[in-house]
Every structure is written in C-alpha cells, then in structure tokens.
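What follows is a single structure, written as structure tokens, with notes after it.
Just so you know, these numbers come straight off a predicted model, no measurement behind them. Residue numbering restarts at 1 for every chain, and letters A, B, ... go by the order of the sequence lines.
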Protein chains: 2
Amino acid sequence: MLEQMSDQPLVQHEPSPETTSSPPRKLKCEQILQGALTVFLEHGYAGTSMDRVAAVAGVSKQTIYSHFQDKQGLFTALIERMMIDRFRVEFGSEPLQGEPAMLLRRLAETFLTKMGDAEFIAFFRLVIAESARFPELAQLYTRTVMQYGYVNLSQYFESHPELHIADPEAMSRIFFGSLGAFILVQEVMHGKQIMAMSEERLIDSLIATVLSQATVGQVGKSH
Amino acid sequence: MLEQMSDQPLVQHEPSPETTSSPPRKLKCEQILQGALTVFLEHGYAGTSMDRVAAVAGVSKQTIYSHFQDKQGLFTALIERMMIDRFRVEFGSEPLQGEPAMLLRRLAETFLTKMGDAEFIAFFRLVIAESARFPELAQLYTRTVMQYGYVNLSQYFESHPELHIADPEAMSRIFFGSLGAFILVQEVMHGKQIMAMSEERLIDSLIATVLSQATVGQVGKSH
DNA sequence: GTCTATATCTAGATAGAC
DNA sequence: GTCTATCTAGATATAGAC
C-alpha cells in the first residue's frame, strides 16, 4: 500500500522568518488541509483514512486531531474552505453586461473552463457523493458556487426585455443546467469517450436557442 | 452502532413451495442483492460493510461470498442489474411521435417523474459518487439509461425539419441536460429548499425555447 | 505543539461444522 | 449451500514522551 508517497506539492509558504527554533505554527494547518484535499478528492469521505491524510500531509495523526475535532470536522472545514476560497464563482460578483450573444458565449466558455478543471471535477463529484451524508455542504455549494451565477444571469435577462425571455429565472436554469449537465456526463461520468460532442456545438446551439425569442421579437417589430 | 436493525422490507417472495426441507436456492441471491441495494444506496461503496449487508439481507456473510467473489463483485453486479433491469430507459425504445409541444411536455414530465423517485435519486448519486473508482459503471449508465433518450429525441428532431433545429444532437443535450441538472440541484443536492422552482416553470420555458426556431420558420413562411 | 506508541473496534475475507 | 466462529489488517481516536 504505502507506495513511496511521492512528494506532494505541499504548501511551503515562507519558512517561518527569523527564529529557526520555534516550529511553524499555522503551516501545519495548511499542510493538513492540503493533504486532506488530496486524499478526500481521490478516495471520498468514507474511503479516506486519517492515517493516509497524516502521511500525505507530512504530519502525525495527533497533529491533525489537535487542529480538528475529528474526521467529520476536518472534512467539513476543508470543503467549506474550498467553496469559499477557491471555487466561489466570480462571474456572479458584478452585473453582467455586453452584447447578448457575446456575453452568453463568454459566460459559457468561462463556465466550461472552470468546471472542466480536473480538480474541480473531483470536487464536484465529492460534493455530490456526500450530499446525503452532508446535505448542508451540498446546499452551501448551491449558495456559494451556483446561486450568484443564476441570479446574475436572470437579472441580465430581465434588464434586456428585447430578448423576450418570458421567464428569466427558468432560462437561467436552462442555460447553466445544459452546461453543467454536459460537464457531468462528459467529464465526471466519463461520457466523452462514448458520446463525444464538442463544447462549441453545445454552446452554439445553446446561444441560438436562448436568443431565438429575440429574433421572433425583431421579426414582429419589423411589421 | 448496531442500532436494532429495524425490519427491512426484505423480499419475502413465495416461501418455497411443496418441499419444506430443501432450502431456497435462488432466493438467497435476491435477498443479498436487495439488502446490498439498501445499504449501498444509503452508505455508498466504501461506507458499506459486508457485515451490514449480510444483516440487512438476512443471510450470513459467507453466503454472500459464495454468490459473489468479493465486495467489488457484489457492487458491480448490483449496479449493472439495477441499470439494465430497473432503470433502463423506456421512452427510448420506440421512435417518438406526436405533436411537438405535446410530445416534449410528456417526455419532460416522464423524465422528471422517473428521476424524481427517491430510490433513483440515491442510485444516481451513487453512480456519480463512484464514477472515479468505477468509471465503467458510469459509462454503462450513460449507455443504458441515457443514450437512447438522447438518440431518439435527436431522431425526432431530424424527422421534423419544420422545427428548424440546426443541431438535433446538441438540442437533445440541452433538453435532457436542463432537466437532469434540475433534478441534480433540486433533489440530489437539496437545492429545492433554498432555490425553489416548480417543474412547470422549467418545462414551459424549455419547450418554448426549444420550439422557438419553429416559430421563426412559420413567420418566415407566412410571407 | 508535535511526535511515537497504543487502545479499541470493525473491516474484508476465510475455515470448518452441518 | 448455509451458518458460526475466526484470522488479519487497518480504522478512529487517545495517552503520554519531548
């Protein structure tokens, strides 16, 4: 088992300034979280042992228990931090603007790029996997990672009545839902090997579809 | 821990006809699979112990090992059987037909009803959870549960050129992707408590969106 | 604070009686 | 074929040295 635990890219940070005697203080905590991330992402919650986390993090088991109450505490602290510090959505932080087709394309490409990242895929899988045991973490994901995107796109649709989108919130679901499902099937569930489809095709159809009511509107206006 | 293992709704089947002496033959196998299903769906792969499966199934552990090679073998056999016998998609078995709006609505409602079932949600969660450890099971899911739906809807779109759907396959992804993502967020990830939306709103917008190119076509034709 | 060593339990898998 | 009893490894969590 213990296969030569290859050097993890552990957070090395600044090596504790002046005094060489005092052992690092907050560094251990970061090491633990980094090690826990690696192991949890690969083996899931139940499949992860504290021994392994300690080994990968390069600390002793007791050190983990001095920083976190127990395995559950370590897991929830890790996942919460990941959501808030790493995966909180950025394109939801400020109002969207720009020409509709361009904006939607940029939004879709950003979304797919972010979700297509290998670490995010593993993270997404883990949150879903533990959504029965840790429902509040799944809901935190919804609030921190997804909700702003939905709300902001809805507001964009609302502020562009010329797009003739009858139900902005529902359309927002369709937009991000299509993209998220694409990642889920292609990447998380390894569907790309058996049901290939390029991102471009999906994005093109998605944009054309979302904006098609606008075309109807224009035709109507031209009368 | 062992909390009074409340009576599971075990398969009791017919209690072995005539001869009372001979112990049931294939019954045990069904009992094992039913018990394994219950435990795996609730605790995931790593979180499930063979002891617990044996207890819930009402057989001894050794009986399990006489029917299945090991834990992996039991798990894969169970999941494969569930996909093929229980969740293989039916609305993919025969060509779709009917008036577009009606057909899509019926398709969407059937899809949401099937996926909204509590057992299916747990099953879906489990397949995703183990898609890293058992990628071939995730791919089997794609092939048996999803692919026919995609293909058949694509063919329907292709056979209805008046709908003006430029890329039937991509549109099929948008249709089922939106619905699947809805279930994922609302049910699997418990989003309905914090981001409520009725199925009707999603379906209405989805159908209007998918069919909007047809309206464009009709307006064009009317000239 | 951090480590080594250990206590207690439960895991997957097997041996042998019937 | 099925069950009871058991083996061995690895799990969470803690005790005590430094």
Side-chain angles (χ1 to χ4, degrees), chain A residues 1-3 5 10-11 13 15-16 19-36 39-40 42-78 130 133-134, chain B residues 1-5 10-13 15-16 19-36 39-40 42-78 130 133-134:
Chain A
M1 281 294 165
L2 265 225
E3 68 278 23
M5 211 61 75
L10 295 181
V11 277
H13 292 295
S16 124
T19 58
T20 56
S21 59
S22 66
R25 280 187 284 184
K26 267 198 168 176
L27 278 184
K28 294 282 175 184
C29 189
E30 288 302 315
Q31 278 188 33
I32 294 169
L33 286 170
Q34 177 61 40
V39 184
F40 277 126
E42 189 173 345
H43 298 96
Y45 178 77
T48 290
S49 75
M50 298 296 267
D51 285 273
R52 204 171 173 82
V53 171
V56 172
V59 302
S60 76
K61 220 170 16 170
Q62 180 59 22
T63 302
I64 299 178
Y65 281 100
S66 73
H67 284 263
F68 302 93
Q69 192 175 23
D70 53 15
K71 189 179 174 182
Q72 275 206 22
L74 172 61
F75 183 73
T76 54
L78 172 68
E130 302 304 333
R133 197 193 303 253
F134 300 97
Chain B
M1 281 295 166
L2 264 229
E3 66 277 26
Q4 177 90 16
M5 208 64 72
L10 294 181
V11 279
Q12 208 59 328
H13 293 293
S16 118
T19 58
T20 56
S21 60
S22 67
R25 280 188 283 184
K26 267 199 167 178
L27 277 184
K28 294 281 175 183
C29 190
E30 288 302 315
Q31 278 187 34
I32 294 169
L33 286 170
Q34 177 61 39
V39 184
F40 277 126
E42 189 173 343
H43 297 95
Y45 177 78
T48 291
S49 74
M50 298 296 269
D51 287 271
R52 203 170 175 84
V53 171
V56 172
V59 302
S60 76
K61 217 164 30 162
Q62 180 59 23
T63 302
I64 299 179
Y65 281 101
S66 73
H67 285 263
F68 301 92
Q69 192 175 22
D70 53 14
K71 188 179 173 183
Q72 275 206 23
L74 173 61
F75 183 72
T76 55
L78 171 68
E130 301 305 331
R133 198 193 303 252
F134 300 97

Exercise. Quick one: stems involving DNA chain D, counted as three or more successive Watson-Crick or G-U pairs, both distances short of 3.5 Å.
Key: C:1-18 with D:1-18

Taking atom [atom2] of [N] as reference, at what distance in whole Å does atom [atom1] of [X] sit?
{"X": "A/H43", "N": "D/dA11", "atom1": "NE2", "atom2": "C1'", "result": "15 Å"}
{"X": "B/F40", "N": "C/dA11", "atom1": "CZ", "atom2": "C1'", "result": "13 Å"}
{"X": "B/D51", "N": "D/dA11", "atom1": "CG", "atom2": "P", "result": "16 Å"}
{"X": "A/Q62", "N": "C/dA5", "atom1": "CD", "atom2": "C1'", "result": "11 Å"}
{"X": "B/D70", "N": "C/dT14", "atom1": "CG", "atom2": "P", "result": "8 Å"}
{"X": "A/I64", "N": "D/dA13", "atom1": "CD1", "atom2": "P", "result": "11 Å"}
{"X": "B/K61", "N": "C/dA15", "atom1": "NZ", "atom2": "P", "result": "14 Å"}
{"X": "B/Q69", "N": "C/dA13", "atom1": "CD", "atom2": "P", "result": "9 Å"}

Nearest heavy atoms of [X] and [Y], plus distance in Å:
{"X": "B/L78", "Y": "B/L33", "result": "CD1-O, 3.5 Å"}
{"X": "B/A54", "Y": "B/K61", "result": "CB-N, 3.8 Å"}
{"X": "B/G73", "Y": "B/F68", "result": "O-CD2, 4.3 Å"}
{"X": "B/T48", "Y": "B/K71", "result": "O-NZ, 2.7 Å"}

Quiz item: In terms of the angle between their ring planes, are B/Y45 and B/F40 parallel, tilted or perpendicular, with boundaries placed at 30° and 60°?
Solution: parallel

Can you tell me if the side-chain N/O atoms of [X] get under 4.0 Å from OP1 or OP2 in [N]?
{"X": "A/S60", "N": "C/dC3", "answer": "yes"}
{"X": "A/K28", "N": "C/dC3", "answer": "yes"}
{"X": "B/H67", "N": "D/dT2", "answer": "yes"}
{"X": "A/T63", "N": "C/dC3", "answer": "yes"}

Quiz prompt | From B/I32 atom CD1 to B/M50 atom CE, the distance as rounded to the nearest 0.5 Å | solution = 8.5 Å

Quiz item: Nearest to the side chain of B/Y65, which nucleotide is it out of D/dC3, D/dT12, C/dA13?
Solution: C/dA13

Quiz item: With side chains defined as the heavy atoms from C-beta onward, is the minimum distance between B/Q31 and B/T63 less than 4.5 Å?
Solution: no

